[in-house]
**Q** 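Attaching a single structure in structure tokens format; questions to follow.
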Amino acid sequence: MATATEAPATMAEGPTSHTQNRAHPTVHELMSRVMRSVRNLGKDGFNDHQKYKFRGVDGAIGALAQPLRDHGVFMTPEVLDCETEVRGKMNAVRMRVAFHFYGPAGDRVTAITMGEASDVADKASNKAMSAALKYALIHTFMIPVDEGSLDDGDRDHPVGQRSPADAYMERIRKPAVWNNTTALTAMHTEAKADGLLQAQVTGPNGPTTLGDLIVWRGTQLKAEAAEVEAKRQEEAPQAAAQVAAEHGVDPLDQLMGQVQRHWDSPEELTKTMAEANRRNQVQRMVEGPLGAQMPLGELLSTRIAELKVHAKAAAQDAHADVHDRSAA
């Protein structure tokens, strides 16, 4: 849909490289006269296919063409920047355009507006330029319009009508929902009950369905949370070591003391493992039984597993002894 910003930025300039003719009035004076001469602009266009009225660029040009000629003002456009993208099957264009209005004295006034439009073929740029021109003319010359809002349709696009998914899109844009996986899950359940998961909407990456948008955002939040947690785990040992150094007590030394005292007790080592996790010490490097450096968590888990194997083997041996005595 062709759109444009509603308030064009205007800037007045003095004489250009041409020498200003003092016998002529300034372009500011002439533009004010044009404003006095311009007629009202209504929604005179009509789309036969979709049955709606629109206020087109040709109406704005028609309202101003004769007054501009009468007062000796002319205009030249200048595209300042232009962006293009593909939205599904549509080619979309967004451009910023400067419209320079010159008077006979050589001075000028510039109005800058935005134009945006899409088209399945090669007309997106034309439509975007027309949208920018329409609002530049309407706002610069304060053309009277009827029926209220300037945010109207054009030849190809009617004024936007609310769809059942619009209410969901208004809610999902709120930070309390957009950044909350629980709220997104609840919304997905609600949209499913309303039969709107396949409703067409526009997300950050272009056209999609409401259901896919909710799932995509939820997946993105979970990935971000996992990344934050992984970074926290990576930095935890260094942070703990720094805190210990600042307070003169290294929790790793305390934990290793417990490991040495309870080296043959899987129950006590399991408690030490839980404490190491709580104090973010499991990734701290310690010396293993063979002298090699290894994480404390790995040392504990290996020793606990080893003790459990030994205990199981001892139980089997005891059972075999009982069996042998019974047989004797």
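Quick caveat, the model's predicted, so the values are computed rather than measured. Heads up: numbering here begins at 1 and tracks the sequence.
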**Q** Does Met95 reach the side chain of Asp81, with side-chain heavy atoms less than 4.5 Å apart?
**A**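 Met95 does not reach Asp81 side chain to side chain.
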**Q** Between atom NE2 of His100 and atom CZ of Arg108, what is the distance when rounded to the nearest 0.5 Å?
**A**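 Reported to 0.5 Å precision, the distance equals 4.5 Å.
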**Q** Show, in sequence, the C-alpha distance, side-chain angles and deciding distance for Glu29 and Thr26, and conclude whether the side chain to side chain donor-acceptor pair (under 3.5 Å) test is met.
**A** CA-CA 5 Å; Glu29 295 175 276; Thr26 66; 3.3 Å; yes
**Q** Could you tell me if the side chain of His188 sits less than 4.5 Å from the side chain of Val215, heavy atoms only?
**A**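 Result yes, sub-4.5 Å side-chain heavy-atom pair found.
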**Q** Do Ser118 and Asn91 come within less than 4.5 Å of each other through their side chains, counting heavy atoms only?
**A** no
**Q** Got a donor-acceptor contact below 3.5 angstrom from the Thr140 side chain to the Leu137 backbone?
**A** no
**Q** Are Val79 and Ser125 packed together at the side-chain level, in the sense that at least one heavy-atom pair is separated by less than 4.5 angstrom?
**A**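 When only atoms from C-beta onward are counted, Ser125 and Val79 do not touch, as no gap falls below 4.5 Å.
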**Q** What do the steps show when you test Glu116 against Val93 for side chain to side chain contact (heavy atoms under 4.5 Å, CB included), and what is the final call?
**A** CA-CA 6 Å; Glu116 181 175 352; Val93 173; over 6 Å; no
**Q** Write down the atom of Arg279, the atom of Gln254, and the distance for their closest heavy-atom approach.
**A** NH2-OE1, 2.8 Å
**Q** Walk me through it: do Leu133 and Met75 pass the test side chain to side chain contact (heavy atoms under 4.5 Å, CB included)?
**A** CA-CA 11 Å; Leu133 174 59; Met75 180 208 73; 3.9 Å; yes
**Q** For the residue pair Thr76 and Phe101, establish whether any side-chain heavy-atom pair is separated by less than 4.5 Å.
**A**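 No, too far: nothing below the 4.5 Å cut-off.
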**Q** Flag the pair Asp264 / Arg303 as yes when at least one side-chain heavy-atom distance between them is below 4.5 Å, and no otherwise.
**A** yes
**Q** What is the minimum heavy-atom distance between Ala128 and Ala117, and which atoms define it?
**A**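 Taking every non-hydrogen atom into account, N-CB, 3.5 Å.
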**Q** Judged by atom type as modelled, is there a donor-acceptor pair below 3.5 Å linking the side chain of Asn180 to the main-chain atoms of Thr182?
**A** yes
**Q** Any side-chain heavy atom of Arg94 sitting closer than 4.5 Å to one from Met114?
**A** yes
**Q** Can you check side chain to side chain donor-acceptor pair (under 3.5 Å) on Arg284 and Gln281, steps first, answer last?
**A** CA-CA 5 Å; Arg284 296 283 300 277; Gln281 298 294 307; 2.8 Å; yes
**Q** So which atom in Leu299 and which in Glu287 form the shortest heavy-atom distance, rounded to 0.1 Å?
**A** CD2-O, 4.5 Å
**Q** Between Tyr135 and Phe99, is the gap from one ring center to the other below 6.0 Å?
**A**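 So the answer is no for these two rings.
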**Q** How far apart are the closest heavy atoms of Leu296 and Ala276, and which atoms are they?
**A**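 In terms of heavy atoms, the two residues are closest at CD2-CB, 4.0 Å.
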**Q** What's the spacing between Ile172 CD1 and Leu210 CG if we round to 0.5 Å?
**A** 6.5 Å
**Q** Working to the nearest 0.5 Å, report the span between CG of Leu197 and CG of Leu213.
**A** 11.5 Å
**Q** Any side-chain heavy atom of Arg173 sitting closer than 4.5 Å to one from Trp178?
**A**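 A side-chain contact is absent here, since even the closest heavy-atom pair is not under 4.5 Å.
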**Q** Which pair of heavy atoms, one from Leu221 and one from Leu184, lies closest together, and at what distance?
**A** CD1-CD1, 3.7 Å
**Q** Do Gln258 and Arg261 have a side chain donor and acceptor closer than 3.5 Å?
**A**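 No, because no side-chain N or O of Gln258 sits under 3.5 Å from a partner of the opposite role on Arg261.
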**Q** Distance from Ile304 atom CD1 to Lys308 atom NZ, nearest 0.5 Å?
**A**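 The distance works out to 6.5 Å.
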**Q** Does the Asp107 side chain pair with the main chain of Val27, one donor and one acceptor, at a distance under 3.5 Å?
**A**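 Checking the backbone N and O of Val27 against the side chain of Asp107, a donor-acceptor pair under 3.5 Å is found.
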**Q** Tell me whether Lys222 is salt-bridged to Glu227, with the criterion being a basic N under 4.0 Å from an acidic carboxylate O.
**A** no
**Q** Of the non-hydrogen atoms in Val201 and Thr209, which two are nearest, and what is the gap between them?
**A** CG2-C, 3.7 Å
